[in-house]
Protein chains: 2
Amino acid sequence: MPPQKQAANLGDIARALGVSVATVSNALSGKGRVSASLVPRVREMADRMGYVPSLAGRALRTGRTGVLGLVLPDIANPLFPQIAQAIEFAAGSAGYGTLIGDSRGDSAVQTEAIHRLVERGVDGLVVVPRRGTRISDADCPVAVIDSPSTPGNTVSADHRQGGALVGAHLAALGHRRVLLLGNNPASAVQNDRLDGMRDALSGHAEVEVLWIEPYEREREPGSLLDLAGHVAAGVTAVAAVSDLHALRAVTELHRAGHRVPEDVSVTGFDDLSWSGAITPALTTVRADMLRIATIAVSSLVRVIEGKDEAPDGFVVSTDATRVPMSLVVRQTSGPVRRTSYEETTR
Amino acid sequence: MPPQKQAANLGDIARALGVSVATVSNALSGKGRVSASLVPRVREMADRMGYVPSLAGRALRTGRTGVLGLVLPDIANPLFPQIAQAIEFAAGSAGYGTLIGDSRGDSAVQTEAIHRLVERGVDGLVVVPRRGTRISDADCPVAVIDSPSTPGNTVSADHRQGGALVGAHLAALGHRRVLLLGNNPASAVQNDRLDGMRDALSGHAEVEVLWIEPYEREREPGSLLDLAGHVAAGVTAVAAVSDLHALRAVTELHRAGHRVPEDVSVTGFDDLSWSGAITPALTTVRADMLRIATIAVSSLVRVIEGKDEAPDGFVVSTDATRVPMSLVVRQTSGPVRRTSYEETTR
DNA sequence: CTGAAAGCGCTTACAG
DNA sequence: CTGAAAGCGCTTACAG
């Protein structure tokens, strides 16, 4: 007997078995007391009839939809795939669907996106907020993924510790003069990363920060960073707060005739998808997104399922968890070598 | 009077106004005949009471959820953000939410992801299928975004025309010997792009295809493409089927001591987020994702809302629409110049 | 251990 | 033009 196609419901199963829908519901959910002998019969019949529970019916009755909303600052952000994939996986594993909302880099759109998701009845929200935004009461539990420096309860990678990983790595390689590269002095994430680098390098190397102009897709041709000038001044390593900046550094150094890492080491941050594919492959720092996502989703789910209280204006407490980052050493970072200039002047 | 907080429903409004829920429903939806004088009163009261329609109630009654599923071959794919953003926007504009599903690069997971979305009651599905997968009946309308060479009804960028754009561009710049770069001879998308390039270059330049090994995040250090060898043999332009390959070409050429584009032009494909940020900025080809998404979503919505028949086993007909791509000329592609070698040997 | 009943919020024929 | 009623599919007290 082939499984039937058209959606059967609890009533169909109950009728087929001569029992009540309540009993079928209980047998399937394992909640109410049902005679042991009935459970397998119900299950089998449900299978045979191709029973798929109606989420709408369940949602109407329970007031829960089994869906989480994911609000991102800008889907076009290159880091987004990692986050979205991790959240989708964590949510799926917990039995939840993932509805996406895009802030398109705009606070007003972010607010609107949150409202739309709430109207759709999401049970909880994972928000990666736009810089500087605070998520207020959203009529549902919210988990925030952000920098550790953000006030309030958040889950996030430990950007500072990640920075320290880079700093320690470069110090161990013998670098004495390191140029740090960022593009936004107002970014908590960037500052955390830079602070970590500074900490780990202090006592080992001179450090200088170069704030480049904010990233623009179509910047002026020829607007270079003058890395060559810094190299001439003795810099042997460039540590960027993002793979994007690192890539820019590598390509500009190459173009200026320097070799990476023979003349200058370069490190990035985030392990974007292409960072292993360039030549030389980029040394970078990776967040454990799956862990971050799992923490965010599970705290949310605990509140949704009533196992935790929702503290602090409905924002989920995660004890401001910091998830350690890990260093991915590839070919752009190497030991300091004497430059050929110094070698030839001996 | 401040707007009330707790979710009001149709019954609350009806009670407040002394009319029936049916009337309120009709007034709000504009469907049933309601006296003109009542409509604004109902609307106003709904606003004042902070009425938010229950999607669950509506879904249970109408059998529609107002949610579309988006199934992606691999969220980690760098092209994904563009697609997801466009679909989310198009769906949102049409009044639909977007539930995501990730195939994680695995056909079995893809099938499972589709099932999960269908179980969640999505009204339709936008699928970017894994290579070689055909989406069969999914119990809901499906729009497929894929290569034009894929059998069946799909929406897609016109990859071949995009390739021709690159070819024509390089031909116009005077290149006589062009190396095409791909990594998967079985990919319909890549072959379409290459065919377009070949077409446009034929009669103008000698063309050769280099299939590099499939992209791996952590490839063997030092596995280079020997682009230098090709350059020595007279190649003045490298046209890649992806920005990723183009990036690899640029970095390897740099490292081999060639300048881009002075010695060798390089072009990519897809306009990934970083392609304007490298130095030199990457010449590439961009798909009109918003248009593609709009076509996919609107064909889906027409079927869902009963304005079109669902043809061909529930797969939405889009007349196999081909959306033209556009060339983004940046700094990696330039006119052929005599090499300094030849200049100095005169 | 099992069943009858209520009700989540909505929309849609159907009667008035 | 408006209202009473049914019913989408489910779960959960409550009686038996």
Side-chain angles (χ1 to χ4, degrees), chain A residues 4 6-43 45-46 49-67 95 118-121 123 139 304-306, chain B residues 4 6-43 45-46 49-67 95 118-121 123 139 304-306:
Chain A
Q4 305 192 210
Q6 284 322 315
N9 60 29
L10 289 186
D12 297 334
I13 301 175
R15 219 167 301 121
L17 250 31
V19 299
S20 75
V21 287
T23 300
V24 174
S25 174
N26 285 333
L28 253 23
S29 68
K31 285 203 174 159
R33 247 116 290 282
V34 178
S35 72
S37 68
L38 212 47
V39 173
R41 287 180 56 211
V42 171
R43 276 197 211 297
M45 182 57 79
M49 300 180 81
Y51 171 67
V52 176
S54 157
L55 280 306
R58 187 174 291 172
L60 186 54
R61 172 65 223 227
T62 62
R64 299 213 312 251
T65 54
V67 174
V118 170
E119 282 193 16
R120 288 207 175 277
D123 293 336
D139 276 344
I304 293 167
E305 298 180 355
Chain B
Q4 307 192 209
Q6 283 322 315
N9 60 29
L10 290 186
D12 297 332
I13 301 175
R15 219 166 301 121
L17 250 31
V19 299
S20 76
V21 288
T23 299
V24 174
S25 174
N26 286 333
L28 254 23
S29 69
K31 284 201 171 160
R33 247 114 292 279
V34 178
S35 71
S37 68
L38 213 48
V39 173
R41 286 181 56 213
V42 171
R43 275 197 213 296
M45 181 57 81
M49 300 181 80
Y51 172 65
V52 175
S54 156
L55 280 307
R58 186 175 289 171
L60 185 55
R61 173 67 224 227
T62 63
R64 298 211 314 251
T65 55
V67 173
V118 170
E119 282 193 15
R120 288 207 175 276
D123 293 337
D139 277 345
I304 292 168
E305 298 179 355

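All heavy atoms count here, side chains included; hydrogens, waters and symmetry mates do not. Letters A, B, ... mirror the listed sequences (proteins, then strands); counts begin at 1.
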Which protein N or O atoms sit under 3.5 Å from an N or O of nucleotides 13-16 of chain C?
none

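- A heavy atom lying under 4.0 Å from DNA chain D marks the following residues of residues 55-62 of chain B, by number: B:Leu60, B:Arg61.
- Nucleic acid contact for A:Ser25: base, since at least one base atom lies under 4.0 Å from a heavy atom of the residue.
- Spacing between atom CZ of B:Arg15 and atom P of C:dG9 amounts to 10 Å, rounded to whole angstrom units.
- The CG atom of A:Leu28 sits 16 Å away from the P atom of D:dG9 (whole-angstrom rounding).
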(request) Let me have DNA chain C in dot-bracket notation, would you? Count Watson-Crick plus G-U wobble pairs, both distances under 3.5 Å, and use [ ] for pairs crossing earlier ones and | for inter-strand partners. (result) |||.||||||||.|||
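- Residues that satisfy the side chain to side chain contact (heavy atoms under 4.5 Å, CB included) test with A:Ser25, not counting sequence neighbours, are A:Leu10.
- Looking at every heavy atom in both residues, B:Ala27 comes nearest to B:Val34 through N-CG2, 3.7 Å.
- Across the protein-nucleic acid pair, B:Glu119 atom CD and D:dG9 atom C1' stand 15 Å apart, rounded to whole Å.
- Here B:Ser35 reaches the OP1 or OP2 of D:dT2: one of its side-chain N or O atoms lies under 4.0 Å away.
- A distance of 10.5 Å separates CG of A:Leu38 from CG of A:Asn26, quoted to the nearest 0.5 Å.
- A:Val24 has its side chain out of reach of A:Tyr51: every pair of non-hydrogen atoms, C-beta onward, lies at least 4.5 Å apart.
- Checking C:dT11, D:dC10, C:dG3 against the side-chain heavy atoms of A:Thr23 singles out C:dG3 as nearest.
- At least one donor-acceptor pair under 3.5 Å links the side chain of A:Arg120 to the backbone N or O of B:Gly66.
- Between the CG atom of B:Leu10 and the P atom of D:dG3 there is a distance of 14 Å, given to the nearest Å.
- Atom CD1 of B:Ile13 and atom CZ of B:Arg43 lie 11.0 Å apart (nearest 0.5 Å).
- Residues A:Ser54 and A:Gly57 come closest through the heavy atom pair OG-N, 2.9 Å.
- B:Ile304 and B:Arg64 make their closest contact through CG2-CD, 3.7 Å (heavy atoms, listed as atom of the first residue, atom of the second, distance).
- Annotation: salt bridge (charged side-chain N to carboxylate O under 4.0 Å, His left out) contacts involving residues 10-22 of chain A, sequence neighbours excluded, comprise A:Asp12-A:Arg15.
- Following rounding to the nearest Å, A:Arg64 (CZ) and C:dC8 (C1') show an atom-to-atom distance of 14 Å.
- DNA chain C is contacted by both A:Ser20 and B:Asn9; A:Ser20 maps to the nucleotide lying nearer its 5′ end (nearest heavy atom per residue).
- Taking B:Ser20 as the reference, B:Thr23 meet the side chain to side chain donor-acceptor pair (under 3.5 Å) condition, with sequence neighbours excluded.
- In this structure, the CD1 atom of A:Ile13 is 8 Å from the P atom of D:dC10, given to the nearest Å.
- One distance of note links CG of A:Leu60 with CZ of B:Arg61; it measures 12.5 Å at 0.5 Å rounding.
- Between B:Ala36 and B:Val21, the one whose closest nucleotide on DNA chain D sits nearer the 5' end is B:Ala36.
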